[in-house]
Structures are given as structure tokens and as C-alpha cells.
Number of protein chains: 2
Amino acid sequence: MISGKGRAVEREPEQGQDPRAVADFVERFAAELVVAGMGRMPSRIFSCLMAEESGVLTSAELSERLQISPAAVSGGMRYLIQVGLVAKEREPGSRRDRYRVLNDVWFESLTRRDELLLRWIRVLKEGEATVGAGTAAGKRLEESAAFFEFMIDELHGMLGRWREHRAMRGREEAGGQEEAGGQPEARRQQA
Amino acid sequence: MISGKGRAVEREPEQGQDPRAVADFVERFAAELVVAGMGRMPSRIFSCLMAEESGVLTSAELSERLQISPAAVSGGMRYLIQVGLVAKEREPGSRRDRYRVLNDVWFESLTRRDELLLRWIRVLKEGEATVGAGTAAGKRLEESAAFFEFMIDELHGMLGRWREHRAMRGREEAGGQEEAGGQPEARRQQA
DNA sequence: CCCAATATTCACGTTTTTCTGAAACTACGG
DNA sequence: CCGTAGTTTCAGAAAAACGTGAATATTGGG
């Protein structure tokens with residue numbers, strides 16, 4: 001038996017799976033994002049885009065799939081765009097926007113972490129001065145600052161290694177499997 | 001001119017700085033933590049402990065310094081202890097608890113990140129199956145999972161390097177400066 | 001075994017956040 | 001330059017989170 005959810009794999013081996021199950025996944029993943037601190041709507045919207053074949057949806061589509069008002073989509077998008085997880089594009093010849101989940105989402109979002117860390121470092125060093133550089137508390141704060149400085153460096157190194165790693169994975173996959181079936185549907189990105 | 005905040009450095013080069021300025025720092029750093037997603041009370045409590053010379057405070061002390069009810073301290077502590085940022089100890093011969101900020105707080109808290117990442121990976125892989133492993137969406141989800149797997153490895157590597165880095169910093173400091181003045185006040189930890 | 005000192009839990013009032021419907025705005029097509 | 005499809009903003013209702021005071025539980029000392 002293959003998957004076993006009632007209706008067999010009729011002829012859509014690549015697109016129209018059970019929308020029920022997909023919606024389930026969307027909610028489940030969104031919940032994880034919420035735990036990690038992202039708002040509810042941004043999480044659901046983002047998750048929905050991730051699960052979308054093309055990675056692109058209009059406001060109306062999101063509104064329908066998630067059962068939320070256009071206003072909620074707009075609000076959630078403001079956040080997602082601001083933090084660089086999603087790009088807004090306008091399809092020429094139409095007046096509605098399309099929202100695209102960016103390709104290297106995680107990668108990019110980690111980069112943005114720097115600013116936060118730098119702010120922390122500044123505050124901690126001021127704290128060290130306030131509390132007295134020679135005191136135990138001062139040392140504690142100083143060590144925290146040092147840790148975050150270290151982390152910034154490490155983050156950069158890591159992202160470089162990910163680029164490599166990812167490139168290798170890509171090559172392996174292309175070599176080991178046939179992959180040139182259809183068109184290059186997943187054009188790399190555009191922003 | 002040295003620091004210039006009115007009263008000169010009278011004779012407490014190592015402990016009783018302006019409580020005003022310290023409280024300021026506590027609030028400022030707490031605000032950063034809030035931005036990063038931590039609750040308000042946990043942030044303030046944690047920040048307060050970080051700025052405390054001994055790194056240890058009782059519930060009553062926290063209650064007074066932060067102007068919050070004992071209930072708020074208790075609630076905040078439940079969180080801080082759960083995520084491993086603070087340890088609760090009971091001083092023998094007394095019936096009140098003392099809360100100690102752990103030494104390698106950041107280090108430890110990063111370690112705990114693993115669980116979160118593993119959960120994400122699981123969810124993403126289920127999503128890949130749901131959506132179809134061969135589809136573009138499937139690949140997108142799979143690549144996200146791969147990124148997080150990569151991150152877990154990197155995290156471990158990084159923590160190892162931090163241990164080294166930190167040990168080196170410690171040695172440098174001990175070598176370049178006199179450090180053996182008083183007692184070993186900052187006994188390494190106890191949990 | 002009871003008393004007193006702390007800590008925790010719970011129900012409640014308050015503040016914040018969240019989401020919606022409706023109005024205002026924008027930009028493309030004609 | 002107008003009309004309209006679509007998006008954003010805004011005020012307000014609904015829901016959630018927060019913090020407190022009071023009650024309850026726990027624990028060490030006598």
C-alpha cells in the first residue's frame with residue numbers, strides 16, 4: 001500500500017494533494033513559529049506560503065485559505081516583509097499584488113540577527129561600566145558581551161559554510177537523480 | 001574629569017554604585033530581552049540578577065527592587081527555571097529560597113535550542129511528505145529541514161569553540177593582570 | 001505536632017493585543 | 001480623467017496576557 005488516505009493517487013503525483021492534510025501542516029508549522037515568538041497571523045501566512053507549490057499567493061487567496069480578513073493579511077504582510085521573509089510583487093497587467101516567500105529565508109533572517117546582537121553588546125558594556133568593571137557583576141556582563149561578539153563571528157562563518165553545504169547538496173541531487181524532467185520551475189529567486 | 005555624575009568615586013570602587021543607574025541598566029537590558037520575545041517579568045528578573053554582584057537574590061529582594069508582587073516573582077521564576085537560566089536554591093538554616101543566575105547562561109540556553117530545532121525538522125519533513133516529496137513545495141520544505149539539521153551541527157561545533165575561546169580569554173586575563181587579590185568570589189557554579 | 005515564614009496558586013480586574021468591518025486610499029485600464 | 005479592483009488604515013469589539021491580592025500549600029524551627 002502506498003499512502004492510504006482513501007482516494008488513490010489518481011493522476012496528480014505532483015500537485016493536488018489532500019488540501020485537508022496540507023492545511024493541517026500549515027497550522028502545525030505555524031504553531032511552532034508562534035512558540036518561537038512570531039505573531040499568529042504572520043506565522044500562518046508564512047507557513048501557508050511555504051506549503052504552496054509556487055511559493056506565491058495573492059492576498060485574496062491567503063484570505064480564503066486561512067479564513068482571515070484582507071486586513072489581517074495586510075497586517076501580517078507588513079511584518080513579514082519588514083523582516084525580509086516575504087517579498088511583495090505586482091503582476092504587470094493586473095492590479096493585485098502577489099506575495100512570494102523568499103528562497104533563502106532562514107539564511108537571510110539569521111543575517112538580520114546581527115543588529116539585535118550588536119545592540120545587546122552595547123547595552124551590556126554600558127552595564128559593565130555602570131556596575132563597575134572590576135566587580136563580579138561587571139565580569140558577568142562583560143562575559144555575556146564577549147559571548148555575543150563571538151556569536152556574531154560564528155554566525156558569519158556558519159552562513160558561509162551553509163552556502164557551501166547547500167551548493168554541494170544541490171550538485172549531489174542533480175547528479176544522483178534525474179531532475180531535468182520539466183521546466184526549471186523553481187527559478188532561484190528574483191529579489 | 002572622570003565619570004561626572006555628581007558624587008565622585010568615594011571609596012566603593014567595587015560594590016555600591018549608583019543604584020539609580022543600575023536600575024536603569026536593568027530596565028534597558030530587560031527591554032532588549034522583551035524585544036527578543038521573553039516575557040516582561042522574566043526579563044526584568046533575569047536582568048536584575050545579572051546586574052547583582054553576587055548573582056543571587058531572594059524573592060523578597062527582587063520583589064522590592066522591581067516593585068512587583070511576590071506572585072509575579074514566582075511566576076517569572078517558573079519560566080526562568082524551566083528554560084534553565086536561573087537555579088533555585090534553599091539556604092540551609094533558613095526557609096527562603098535564593099535564586100541564582102547560572103554562569104554559562106547563554107551557552108546553556110543555546111544548547112536547549114536543539115529540542116526546538118528538532119521539532120521543527122520533524123514537522124517540516126512531515127510537511128514534505130504531505131505536500132509531495134517531488135514537488136517544488138516539497139523541496140522547499142525539505143531544504144528548510146536540511147538547513148536546521150545543518151544548524152544543529154553548527155551549534156555544537158560553535159559551543160565547543162566557545163569553550164576554547166573562553167578558556168583562552170580567562171588565561172590571558174589571569175596572565176596579564178593581577179587577579180588573585182581577594183578570595184575566589186566567583187566560584188564557578190554549583191548546579 | 002504546631003507555629004511562623006515563604007512560596008505558590010487562583011480568581012479577578014486591568015491593560016494589551018488581535019482581528020474584523022468599513023471607510024479611505026492607490027493605481028491601473030479605459 | 002473617471003471608474004473600479006485591490007490594498008491599506010482606522011476605530012472598535014473580542015480575546016488574551018498580565019499582574020495583583022488573597023487564599024492555600026509547604027517547610028523548617030521549636
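Convention: sequence-line order gives letters A, B, ...; per-chain numbering from 1. Small disclaimer: the values here were computed from a predicted structure and weren't measured.
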Separation of D:dT7 P from A:Leu80 CG (nearest whole Å): 16 Å
Do any N or O atoms of the protein come closer than 3.5 Å to N or O atoms of nucleotides 9-13 of chain D, and which pairs are they?
| unit_1 | atom_1 | unit_2 | atom_2 | d |
| --- | --- | --- | --- | --- |
| D:dT9 | OP2 | A:Arg78 | NH1 | 2.8 |

Residue pairs, two or more places apart or on separate chains, that pass ring-ring contact (aromatic ring centres under 6.0 Å, His included) and touch residues 32-64 of chain B: B:Phe46-B:Trp106
Interatomic distance where CD belongs to B:Glu61 and C1' belongs to C:dT6 [whole Å]: 14 Å
Test log, rule side chain to side chain contact (heavy atoms under 4.5 Å, CB included), inputs A:Asp104 and A:Trp162: CA-CA 11 Å; A:Asp104 254 330; A:Trp162 169 245; 4.1 Å; yes
Could you pull out the protein-nucleic contacts involving nucleotides 28-30 of chain D (nitrogen or oxygen on both sides, under 3.5 Å)?
| unit_1 | atom_1 | unit_2 | atom_2 | d |
| --- | --- | --- | --- | --- |
| D:dG29 | O4' | B:Arg95 | NH2 | 3.1 |

SB check A:Glu126 B:Arg28 (cutoff 4.0 Å): yes
Cationic N near anionic O, under 4.0 Å, B:Glu52 to B:Arg65: yes
Salt-bridge criterion met for B:Glu142 and B:Lys125 (N-O under 4.0 Å): no
Value in whole Å for how far the C1' atom of C:dA4 lies from CZ of B:Arg96: 14 Å
Inter- and intrachain pairs under ring-ring contact (aromatic ring centres under 6.0 Å, His included), touching residues 65-85 of chain A, at least two apart: none
For B:Arg119, all residues meeting side-chain contact (heavy atoms from CB on, under 4.5 Å), sequence neighbours excluded: A:Glu32, A:Val35, B:Leu116, B:Arg122
Nearest-angstrom distance from the residue atom NZ of B:Lys88 to C1' of D:dT27: 12 Å
Plane angle bin for A:Phe148 and A:Trp120 - parallel if under 30°, tilted between 30 and 60°, otherwise perpendicular: perpendicular
B:Arg98 CZ to D:dT27 P, straight-line distance once rounded to whole Å: 18 Å
Atom of B:Ala51, atom of A:Val131 and distance for their closest heavy-atom approach: O-CG2, 3.6 Å
Pairwise side-chain contact, B:Met50 with A:Leu141, heavy-atom cut-off 4.5 Å (strictly under): yes
B:Thr111/B:Leu159 under side chain to side chain contact (heavy atoms under 4.5 Å, CB included): CA gap, chis, key distance, verdict: CA-CA 8 Å; B:Thr111 300; B:Leu159 293 180; 3.4 Å; yes
Spacing between B:Tyr79 atom OH and C:dT8 atom P, to the nearest angstrom: 18 Å
Using a cut-off of under 3.5 Å, enumerate the N/O to N/O pairs linking the protein to nucleotides 11-19 of chain C.
| unit_1 | atom_1 | unit_2 | atom_2 | d |
| --- | --- | --- | --- | --- |
| C:dC19 | OP1 | A:Arg40 | NE | 3.3 |

Whole-Å gap separating C1' (C:dA7) and CD (B:Glu89): 16 Å
Spacing of B:Gln82 atom CD relative to C:dT8 atom C1', expressed in whole Å: 16 Å
